[in-house]
Amino acid sequence: MSAGADGGGAAAARSREGSSAKDGFVPSALGTREHWDAVYERELQTFQEYGDTGEIWFGEESMNRLIKWMQKHKIPLDASVLDIGTGNGVFLVELAKFGFSNITGIDYSPSAIQLSGNIIEKEGLSNINLKVEDFLNLSTKLSGFHICIDKGTFDAISLNPDNAVEKRKQYVKSLSSVLRVKGFFLITSCNWTKEELLNEFSEGFELFEELPTPKFSFGGRSGNSVAALVFQKRETSWDNFR
């Protein structure tokens, strides 16, 4: 998926006050596969013609924030990492440049995966796995990841006009199936607050750490333009029987 700097992306579609949507979001084309297919078809053409890799969701600061956390907690360079909704794959490139060697990017848009592959090839990298994969309808081959990362994909799913509430529940189920017990889930969101994300991921996950993000002040009130949280998957009784 595509985007902009911290505080941008899908946030414009959020309407908590005065919204008729049951879950607090106004449905948007930003939540549909058709929108993102069209976006990445254009970005793929632009890359092929001009070599422009496109924008980075939440900006470079968001990538650096996540990589610094991984370094701070001494995540092994061979730890398996899954980038959910990888878009143009630029974050995968950064992970590879920092030495991570077991990284996978998935996106439901074939054009996004093609664009990612072209960018990765241009960078001369070969140790990155790419898959066309719908996170809400996963292949059983995806499992056992130490780290899962989301920068904007959960935001977009939350804006889907077709039963977004159920899609969010399926997202949590998919996350639980691909992330190993005690594994970490790093999410950056411009649509959800910390408290809301804690509620959304309360089933099977616990907050490990809140990451610092840019603050804003307006009309005498202040807050964070985005939320960046690290969850850890809890062990459940079901895990003992797997």
Side-chain angles (χ1 to χ4, degrees), residues 1 3 6-7 9-11 13-14 16 21-25 30-31 57-58 62-63 65-67 69-70 72-73 75 79-87 91 104-108 133-138 142-160 162-213 223-240 242:
M1 299 186 176
D6 278 346
R14 172 174 176 156
R16 289 296 193 186
K22 292 182 180 180
D23 60 354
F25 290 96
L30 289 167
W57 193 291
F58 300 115
S62 65
M63 295 195 303
R65 180 189 304 131
L66 300 179
I67 291 173
W69 182 88
M70 295 170 75
K72 171 186 173 183
H73 290 277
I75 302 299
S80 54
V81 181
L82 178 66
D83 188 22
I84 303 168
T86 195
F91 184 59
T104 299
I106 62 171
D107 204 294
Y108 62 18
E133 191 82 57
D134 183 352
F135 195 64
L136 302 185
N137 187 25
L138 281 172
L142 286 176
S143 63
F145 286 93
H146 296 92
I147 305 284
C148 288
I149 294 170
D150 182 325
K151 295 197 296 94
T153 299
F154 188 70
D155 282 352
I157 289 172
S158 303
L159 301 175
N160 193 293
D162 182 20
N163 203 350
V165 174
E166 287 304 314
K167 284 179 168 56
R168 297 202 312 264
K169 291 179 181 178
Q170 182 56 50
Y171 181 102
V172 177
K173 291 179 182 178
S174 294
L175 178 64
S176 183
S177 72
V178 301
L179 187 64
R180 64 173 54 195
V181 174
K182 300 296 184 180
F184 295 105
F185 172 53
L186 286 64
I187 181 170
T188 304
S189 170
C190 59
N191 277 352
W192 297 86
T193 65
K194 171 187 175 181
E195 290 72 21
E196 291 166 341
L197 288 173
L198 290 175
N199 182 63
E200 290 291 311
F201 293 94
S202 61
E203 187 68 32
F205 300 89
E206 59 188 6
L207 180 65
F208 183 82
E209 188 173 348
E210 179 179 10
L211 303 182
T213 59
N224 294 81
S225 54
V226 300
L229 304 180
V230 179
F231 288 93
Q232 189 168 33
K233 182 181 174 181
R234 292 195 298 262
E235 183 174 7
T236 64
S237 57
W238 169 250
D239 291 306
N240 296 323
R242 290 187 177 181

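For the single chain, residues carry numbers from 1 onward in sequence order. Because only heavy atoms are used, hydrogens play no part in the values below, and waters and symmetry mates are left out as well, while side chains stay in. These numbers were taken from a predicted model, which means no experiment stands behind them.
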Sub-3.5 Å donor-acceptor pair from the side chain of [X] to the main-chain atoms of [Y], do we have one?
{"X": "S174", "Y": "Q170", "result": "yes"}
{"X": "K233", "Y": "L179", "result": "yes"}
{"X": "H146", "Y": "G183", "result": "no"}
{"X": "T213", "Y": "V226", "result": "yes"}
{"X": "Q232", "Y": "K182", "result": "yes"}
{"X": "E166", "Y": "N163", "result": "no"}

Ring centers of F231, F208 separated by less than 6.0 Å: no
Validation row, ring centre F145 to ring centre F184 under 6.0 Å: no
Residues K194, E210; criterion salt bridge (charged side-chain N to carboxylate O under 4.0 Å, His left out); working and verdict: CA-CA 8 Å; K194 171 187 175 181; E210 179 179 10; 3.2 Å; yes
A side-chain contact here means heavy atoms from C-beta on lying under 4.5 Å apart; do [X] and [Y] qualify?
{"X": "I147", "Y": "L82", "value": "no"}
{"X": "R168", "Y": "E200", "value": "yes"}
{"X": "L198", "Y": "T193", "value": "no"}
{"X": "F135", "Y": "T153", "value": "no"}
{"X": "L186", "Y": "C148", "value": "no"}
{"X": "I84", "Y": "K151", "value": "no"}
{"X": "E133", "Y": "D107", "value": "no"}
{"X": "S189", "Y": "L197", "value": "yes"}

CA sep, side-chain torsions, deciding dist, call: I75, W69, side chain to side chain contact (heavy atoms under 4.5 Å, CB included): CA-CA 9 Å; I75 302 299; W69 182 88; 4.2 Å; yes
For [X] and [Y], work out which heavy atoms get closest and say how close.
{"X": "S177", "Y": "S143", "answer": "O-CB, 3.9 Å"}
{"X": "S158", "Y": "A164", "answer": "O-CB, 3.6 Å"}
{"X": "Y108", "Y": "D134", "answer": "CB-CA, 3.9 Å"}

Salt-bridge contact K72-E209 (side-chain N to carboxylate O under 4.0 Å): yes
Rounded to the nearest 0.5 Å, how far does [atom2] of [Y] lie from [atom1] of [X]?
{"X": "R65", "Y": "I67", "atom1": "CZ", "atom2": "CD1", "result": "11.5 Å"}
{"X": "L211", "Y": "L66", "atom1": "CG", "atom2": "CG", "result": "6.5 Å"}
{"X": "F154", "Y": "T188", "atom1": "CZ", "atom2": "OG1", "result": "13.0 Å"}
{"X": "K169", "Y": "L136", "atom1": "NZ", "atom2": "CG", "result": "14.0 Å"}

Any side-chain donor near an acceptor of the partner, D150 and Y171, under 3.5 Å: yes
Exceeds 12 heavy-atom contacts within 6.0 angstrom, atom CD of E206: yes
Aromatic ring pairing F205/F185, orientation class (parallel under 30°, perpendicular over 60°, tilted between): tilted
